[in-house]
There are 2 protein chains.
Amino acid sequence: MKRIFEAQPWQIVTHEFKPADKRLQESMTSLGNGYMGMRGFFEEDYSGDSLPGIYLGGVWYPDKTRVGWWKNGYPEYFGKVINAINFIKMNFIINGEKLDLATDRFDQFELNLDLKTATLTRSFVVTKGAAKVQFKFERFLSVAQKELSLQRVTFQNLGQQTVDVTVISAVDSNVQNEDANYDEHFWQVLAITPDHLIAQTKANQFGTPQFMTGMQVAHVTTLAQVAETTTATEIQQTFVAHLKPQAQATIEKRVVVVTSRDYADQAALTTAMTQLMAKVAPQSYADLLAAHQAIWAERWAQSDVQIDGDVLAQQGMRFNLFGLFTTYYGDDARLNFGPKGFTGEKYGGATYWDTEAFCVPVYLGITKPEITKNLLLYRYKQLDGAFVNAKQQGSKGALYPMVTFNGIECHNEWEITFEEIHRNSDVAFAIYNYTRYTGETDYVLHEGSEVLTEIARFWADRVHYSQRKGQYMIHGVTGPDEYENNVDNNWYTNYLARWTLEYTLEMTAQVAPEQAAKLAISEAERAHWQAIVDQMYLPYDTELGIFEQHDGFLDKDLTPASEIPADQRPINQNWSWDKILRSPYIKQGDVIQGIWNFIDDFSEAEKKRNFDFYEPLTVHESSLSPAVYSIIAADLNYEDKAVELYERTARLDLDNYNNDTEDGLHITAMTGGWLAIVHGFAGMRVHDDGTLSYKPFLPKKWQRYSFRQVFRGRIIEITVDQNGTQVKLIEGQPLTIELNGRQQLLN
Amino acid sequence: MKRIFEAQPWQIVTHEFKPADKRLQESMTSLGNGYMGMRGFFEEDYSGDSLPGIYLGGVWYPDKTRVGWWKNGYPEYFGKVINAINFIKMNFIINGEKLDLATDRFDQFELNLDLKTATLTRSFVVTKGAAKVQFKFERFLSVAQKELSLQRVTFQNLGQQTVDVTVISAVDSNVQNEDANYDEHFWQVLAITPDHLIAQTKANQFGTPQFMTGMQVAHVTTLAQVAETTTATEIQQTFVAHLKPQAQATIEKRVVVVTSRDYADQAALTTAMTQLMAKVAPQSYADLLAAHQAIWAERWAQSDVQIDGDVLAQQGMRFNLFGLFTTYYGDDARLNFGPKGFTGEKYGGATYWDTEAFCVPVYLGITKPEITKNLLLYRYKQLDGAFVNAKQQGSKGALYPMVTFNGIECHNEWEITFEEIHRNSDVAFAIYNYTRYTGETDYVLHEGSEVLTEIARFWADRVHYSQRKGQYMIHGVTGPDEYENNVDNNWYTNYLARWTLEYTLEMTAQVAPEQAAKLAISEAERAHWQAIVDQMYLPYDTELGIFEQHDGFLDKDLTPASEIPADQRPINQNWSWDKILRSPYIKQGDVIQGIWNFIDDFSEAEKKRNFDFYEPLTVHESSLSPAVYSIIAADLNYEDKAVELYERTARLDLDNYNNDTEDGLHITAMTGGWLAIVHGFAGMRVHDDGTLSYKPFLPKKWQRYSFRQVFRGRIIEITVDQNGTQVKLIEGQPLTIELNGRQQLLN
């Protein structure tokens with residue numbers, strides 16, 4: 001654990017600069033607008049350790065898969081998001097010497113990410129010889145005009161003598177990925193002029209698209225421009241200032257970033273970026289910032305969570321929602337959540353099952369339904385890829401990928417990732433979850449029914465009938481608990497596969513005739529699905545009265561995790577994979593994840609027996625783990641346990657709990673705090689009949705918490721304090737809800 | 001299947017040259033003398049497709065392990081044998097034009113590997129313009145002087161006019177491995193003069209040794225030498241001949257190859273190769289060849305297998321023994337069998353469990369005990385590496401590696417290879433097998449007892465106690481059947497682990513006091529081992545009366561392999577790994593391997609039930625598979641099945657059954673034919689009480705077979721024909737054996 005920012009309700013701010021924490025600081029001060037994003041690296045060159053990174057949503061490269069011996073069905077390539085052209089680069093020469101915080105003497109340092117307005121500022125006073133100059137940097141990625149990056153730098157001469165400052169503002173395509181296998185460069189420049197650069201990703205052997213990006217740059221400043229040059233890979237525009245004592249100067253840099261995802265060819269790209277730049281040209285920096293801030297204000301109005309009496313919790317909560325919003329706000333149904341969003345290279349910026357399992361439940365609560373629906377449409381549009389994946393495994397129907405950009409599986413790790421076919425049901429579950437929460441059946445009866453049908457077809461083929469047991473089984477899978485590989489009859493997988501078949505039978509029976517014709521489900525097929533539903537094997541231990549995580553799990557040495565010596569935790573950094581696999585320790589909820597998904601299906605006693613058995617074996621070494629346990633703990637009135645687990649998720653990145661935030665933020669795990677508060681502490685549920693209910697408690701150390709929730713055209717505000725719970729309708733039509741088991745009309 | 005050589009009892013000969021089969025031809029005409037070896041690639045440059053390869057035993061390089069996400073306990077590097085300096089290179093310029101069989105017109109081609117004398121010859125008549133020249137190449141790697149390579153080339157002018165032939169004989173260090181990740185070169189030249197070259201492998205990041213090799217070259221010829229030159233990487237010696245019609249010339253090339261495995265430094269290496277060259281200098285080619293042939297004659301005298309009535313079977317049998325002998329003849333206890341010996345790059349020339357499971361049983365029968373003992377000593381000397389391997393997994397004791405050069409695990413494939421920890425018991429089993437066969441207890445009571453104790457310590461730590469079952473278990477393994485990964489309680493693994501503990505308890509109770517003190521096995525430790533022996537869980541199905549391959553195996557869809565459509569075989573080329581893993585299909589014997597190991601422990605009915613169950617599920621997609629099934633089939637008097645399975649192993653490479661012999665020969669699988677004939681058809685057994693017994697049958701299509709066998713200081717000859725079986729003592733003291741259950745005195 002390491003806390004390098006100050007406790008502030010709306011800001012991620014520090015007045016200390018520690019080179020050793022530079023990467024961590026960069027991760028934590030990342031910006032994004034769903035379309036593009038960047039780590040909080042400096043505008044100017046920094047000669048110390050740093051991980052610069054700018055990423056464009058959906059712009060990726062298929063790298064060679066690294067496995068010892070490739071086998072049939074393994075992915076052909078490993079998709080990775082690539083580090084884009086560095087368009088924020090600005091260097092400063094002070095009296096002939098280059099500004100470099102790795103070596104310069106400076107004070108009054110402040111680095112400040114404002115969560116309310118999504119702007120990053122940095123200031124310091126640097127002393128170079130006799131010169132003393134204060135710098136103030138500000139930047140944001142506009143949510144009002146997604147292609148627009150704005151930067152403003154003000155510098156003031158605080159010394160006694162005149163200072164010459166040369167500003168070299170650049171667009172630099174000579175960038176690499178740190179995780180490139182063999183120092184590969186992914187970009188080649190197609191066109192370069194003093195005001196724009198167009199580059200394309202290199203050709204690849206896998207037939208995936210090459211991406212083009214165009215960057216148009218302009219400056220607004222009173223400084224004199226003295227040069228504009230281009231090299232093979234870089235644009236440089238040079239300005240100079242001669243500052244008398246106390247004098248200050250400002251330079252504003254505007255960059256428009258377009259990609260071939262939106263424009264067909266180089267000509268269209270060029271036209272578009274020129275037009276976009278012309279469109280924003282008449283607007284001042286203040287206007288552009290105001291438009292950006294107005295949208296952020298609206299976002300917070302329908303989703304803010306307030307916590308009184310615990311500023312660290314308050315900061316953590318808002319930082320998490322900020323991380324999610326910068327990654328995805330539903331503007332483009334071809335994009336999704338990367339586990340690290342735009343904050344790092346790891347996990348390749350691709351889409352995982354995190355979206356359906358963790359992001360969908362949160363976005364249903366904090367954004368309008370269309371935004372979540374776009375996450376469903378993302379999978380619908382990638383159905384063709386899912387057919388390919390299933391076929392590659394020799395299976396029928398559709399198999400959604402574990403890791404993808406385009407629907408095709410593209411991970412780089414067979415032994416864990418690939419067999420996690422439960423993901424297929426998680427995609428189905430998200431359709432159900434959306435439908436249940438929103439009450440909107442149009443999606444499930446149209447696009448959704450196609451997705452469900454093809455997933456059901458996969459399961460009906462992937463199960464096998466065990467003659468010995470007289471039941472259907474699923475062998476050779478990995479469940480959500482990735483500390484078990486290639487197991488048989490993972491309860492979660494089998495339960496969700498059965499449920500998927502059942503739900504698909506139910507939903508497809510309700511579609512309109514023309515949709516039914518499209519789905520073409522025969523009676524024999526329906527009968528086969530029903531037979532699997534009726535005879536699916538679900539491992540259960542009668543003696544303990546619990547679901548067995550998978551066949552043989554209860555044969556393990558079931559010593560609780562609390563007995564692992566502290567110096568051996570986390571086990572994934574201290575134990576061999578061999579030892580981890582055969583241990584009983586659970587990385588993240590598996591049976592418990594299933595119980596959360598279908599919480600209304602289990603009795604109090606069932607939930608309790610399973611929680612009491614599995615929780616002591618769970619090491620929560622996935623950032624996605626504690627929140628789900630916190631919810632179930634709250635459901636079982638284990639309030640202290642619920643709070644303890646909440647605390648492991650709420651400030652995961654801010655306090656660098658997993659000691660790896662320097663690589664980037666755990667974006668999809670940023671859902672955890674909200675889930676623990678709303679589904680956990682407040683006990684929010686939406687039941688199959690559409691009832692919205694709460695069963696709140698107040699953590700002992702808090703005075704009050706309050707959150708706003710979007711629900712079926714309304715905004716509802718829930719406030720929990722020592723006097724009880726108040727549920728208020730902020731916007732929309734009256735509604736009857738259930739609070740602690742009693743009906744209440746909101747109006 | 002593809003047969004490109006003619007059926008000859010002692011020769012691998014062809015009169016056809018097909019460029020498309022060049023690699024296959026090269027594999028099949030490989031030479032080796034245990035110390036070094038080479039594929040049958042041409043002396044002269046060949047511009048078509050070819051896989052040149054010369055390998056030096058024990059000279060390897062640690063390459064980066066290729067896995068998606070490296071985890072604790074994974075090997076640090078992937079060891080691979082590297083392609084050595086090409087010292088056989090000789091080019092021929094005929095009237096100014098280079099000889100190149102890829103483009104030249106030629107006839108009367110013959111390529112002939114003589115198995116009896118281990119020499120490779122090649123001849124052809126090439127026509128280039130008006131010139132017509134016959135070439136005869138001969139080469140061998142001396143078994144009388146391991147460092148010596150001899151080549152002789154004779155060429156004769158068959159045309160009407162004088163022909164100028166320039167011979168450029170080279171030693172070329174500019175060689176690569178075909179499977180190098182990124183076109184790496186592994187050699188750097190340290191010294192080069194016209195008569196020698198010394199090169200060293202590049203430095204590596206893993207702290208494994210760099211190897212030096214020195215090559216001293218000399219020519220014996222009446223041709224005029226016109227030049228000797230060196231480049232940065234190559235020695236070239238140039239000779240010319242002006243041949244009148246019918247005239248012929250001969251050039252003999254001698255190369256002495258030394259390595260830093262035998263000499264401490266560059267100076268010692270230089271001295272050694274000079275001295276070795278001086279030592280052989282007075283001897284003629286004929287003398288050197290005769291010394292080589294005499295040793296081969298002795299080898300065949302004690303191991304030849306004769307088959308009458310089936311020349312293909314005869315040729316296959318001898319080719320297999322030849323392959324084994326060229327790979328290993330026990331001269332250096334630091335060396336071992338690579339699965340492809342010196343015939344290709346694949347499997348990296350490293351040592352696998354093939355040695356203990358397949359090579360030891362054969363070498364016990366065909367060579368003197370010291371030779372097999374060296375295979376045991378190889379593991380003894382690598383005990384330190386085995387400690388490292390166990391520690392890397394967080395386990396106690398010694399874990400022998402799946403793939404190694406130096407005792408340290410160095411494979412490149414987690415998902416299959418690594419969890420095959422049964423290999424540890426196979427090392428123990430080889431000690432027992434050696435002791436039982438030879439009757440020599442010195443090894444097991446000294447070095448062997450140390451190896452056994454440390455393996456036992458590994459097992460005692462690696463098992464866990466299942467509270468639910470009240471038994472010890474082994475979770476998370478792969479058995480010999482590599483089409484199942486990360487299974488629990490593989491019967492073979494559990495059975496051998498239990499046996500190892502039992503045998504270790506028994507043997508260590510018999511060691512001398514000073515050895516016991518060295519082993520330091522406490523009473524508590526013995527008691528713990530005994531408890532595991534008494535309470536080891538061995539999966540068994542009472543209904544079928546069979547050992548279950550691993551937990552849950554019988555829950556699979558048990559459709560026999562015969563129902564897999566022909567166009568989907570072999571399944572490893574047609575099915576996804578996902579489908580293979582969950583299928584019931586067995587790559588190579590698992591339960592059946594265990595039954596072979598301990599064949600006296602099981603009743604006829606037990607053996608029959610298990611064979612009848614598992615054989616129909618076995619696809620034999622490992623070259624090591626059919627022989628073991630053939631032995632058990634023979635044991636059960638399933639004679640037709642035994643012969644059918646024998647045929648799949650006897651000419652595996654000669655007929656390119658697995659369609660991959662172009663990569664190199666399946667050296668360790670070359671044990672299969674001998675095992676099927678001797679252990680199978682002849683029913684040879686050595687029992688715990690030292691009795692040697694036979695229960696032979698004659699395959700229907702054979703008239704007669706006969707083999708010689710080394711046994712406890714004797715050579716015994718067994719002949720089986722339509723009149724029955726004759727067992728004859730060729731050499732050594734009288735012995736009572738058992739033939740078809742009846743005692744018989746050999747004298």
Side-chain angles (χ1 to χ4, degrees), chain A residues 65-69 71-74 78 181-182 392-395 411-419 421 462 464-469 471 473-477 484-489 537 541 543-544 551-552 554-558 568 571-583, chain B residues 65-69 71-74 78 181-182 391-395 411-419 421 462 464-469 471 473-477 484-489 537 541 543 551-552 554-558 568 571-583:
Chain A
T65 307
R66 281 187 297 179
V67 289
W69 286 26
K71 301 177 188 66
N72 289 325
Y74 280 22
F78 170 52
N181 280 341
Y182 282 78
Q392 276 183 332
Q393 301 315 310
S395 299
H411 75 86
N412 199 15
E413 185 185 50
W414 163 266
E415 65 272 38
I416 289 185
T417 321
F418 198 58
E419 287 189 332
I421 54 173
R462 182 60 171 74
H464 74 272
Y465 187 73
S466 163
Q467 213 72 42
R468 176 161 74 166
K469 292 259 172 55
Q471 288 186 285
M473 293 189 165
I474 305 176
H475 274 195
V477 305
E484 301 284 346
N485 298 166
N486 192 42
V487 300
D488 293 338
N489 295 312
Y537 168 73
D541 187 83
E543 201 178 311
L544 297 172
D551 283 349
L554 295 174
D555 281 339
K556 288 173 180 264
D557 172 356
L558 299 168
Q568 294 178 28
I571 59 172
N572 72 16
Q573 289 176 21
N574 292 283
W575 286 10
S576 71
W577 192 239
D578 180 71
K579 193 166 174 177
I580 289 174
L581 282 182
R582 59 197 166 85
S583 84
Chain B
T65 306
R66 281 186 297 179
V67 290
W69 285 25
K71 299 177 189 68
N72 289 325
Y74 280 24
F78 171 52
N181 280 342
Y182 281 80
K391 202 172 167 198
Q392 276 184 332
Q393 302 315 311
S395 298
H411 74 85
N412 200 14
E413 185 186 48
W414 163 268
E415 64 271 40
I416 289 184
T417 320
F418 198 58
E419 287 191 331
I421 54 174
R462 183 59 171 75
H464 75 272
Y465 187 74
S466 163
Q467 213 72 43
R468 174 160 73 165
K469 291 260 172 57
Q471 287 186 288
M473 295 190 164
I474 305 176
H475 275 194
V477 305
E484 301 284 349
N485 298 168
N486 191 43
V487 301
D488 293 339
N489 295 311
Y537 168 74
D541 187 83
E543 202 177 312
D551 283 348
L554 295 174
D555 282 338
K556 288 171 179 266
D557 173 355
L558 299 168
Q568 294 178 26
I571 58 172
N572 72 16
Q573 289 175 21
N574 292 284
W575 285 10
S576 71
W577 192 239
D578 180 71
K579 193 167 174 177
I580 288 174
L581 282 183
R582 59 197 167 86
S583 84

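Within every chain, numbering begins at 1; the chains are lettered A, B, ... in the order of the sequence lines, protein sequences first and strands thereafter.
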task = Measure A:Gln573 against the heavy atoms of chain B and call it side chain, backbone, both or neither at under 4.5 Å.
result =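 Contact with chain B involves the backbone of A:Gln573 alone.
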ask   = Partners of A:Asn72 by side-chain hydrogen bond (donor to acceptor under 3.5 Å, both in side chains), sequence neighbours excluded?
value =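 Residues passing side-chain hydrogen bond (donor to acceptor under 3.5 Å, both in side chains) with A:Asn72: none at all.
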query = Taking the six-membered ring for Trp, are B:His411 and B:Phe418 ring centroids under 6.0 Å apart?
reply =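 Centroid separation for B:His411 and B:Phe418: below 6.0 Å.
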Please look at [X] and chain A and tell me whether the side chain, the backbone, both or neither of the residue comes under 4.5 angstrom of a heavy atom of that chain.
{"X": "B:Asp541", "result": "side chain"}
{"X": "B:Gln471", "result": "neither"}
{"X": "B:Leu581", "result": "side chain"}
{"X": "B:Gln392", "result": "backbone"}

Between chain A and each of [options], count heavy-atom pairs under 4.5 Å; write down the option with the most.
{"options": "B:Ile580, B:Val487, B:Asn489, B:Leu554", "value": "B:Leu554"}
{"options": "B:Ile474, B:Asp557, B:Val477", "value": "B:Asp557"}
{"options": "B:Gln467, B:Lys469, B:Lys579", "value": "B:Lys469"}

Within 6.0 angstrom of A:Gln568 CD, more than 12 heavy atoms from elsewhere =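 Counting other residues, nucleotides and ligands, CD of A:Gln568 exceeds 12 neighbours.
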Backbone of B:Gly73 reached by a side-chain donor or acceptor of A:Ser576 within 3.5 Å =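 Such a contact is absent between A:Ser576 side chain and B:Gly73 backbone.
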query = Between B:Arg462 and A:Asp578, does at least one N-O distance fall below 4.0 Å, as a salt bridge requires?
reply =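 Result for this pair is yes, salt bridge flagged.
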key: Electrostatic pair B:Glu484:B:Lys556 at N-O distance under 4.0 angstrom   =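 Between B:Lys556 and B:Glu484 there is a salt bridge, with a charged N closer than 4.0 Å to a carboxylate O.
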inquiry  = As an exercise: rank A:His475, A:Glu543, A:Arg582 by heavy-atom pairs under 4.5 Å with chain B and give me the winner.
reply    =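 Most pairs with chain B among the choices: A:Arg582.
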ask   = Will you find, in the side chains of A:Asp488 and A:Tyr537, an N or O donor that is under 3.5 Å from an N or O acceptor?
value =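 Looking only at side-chain atoms, A:Tyr537 and A:Asp488 do not form any donor-acceptor pair under 3.5 Å.
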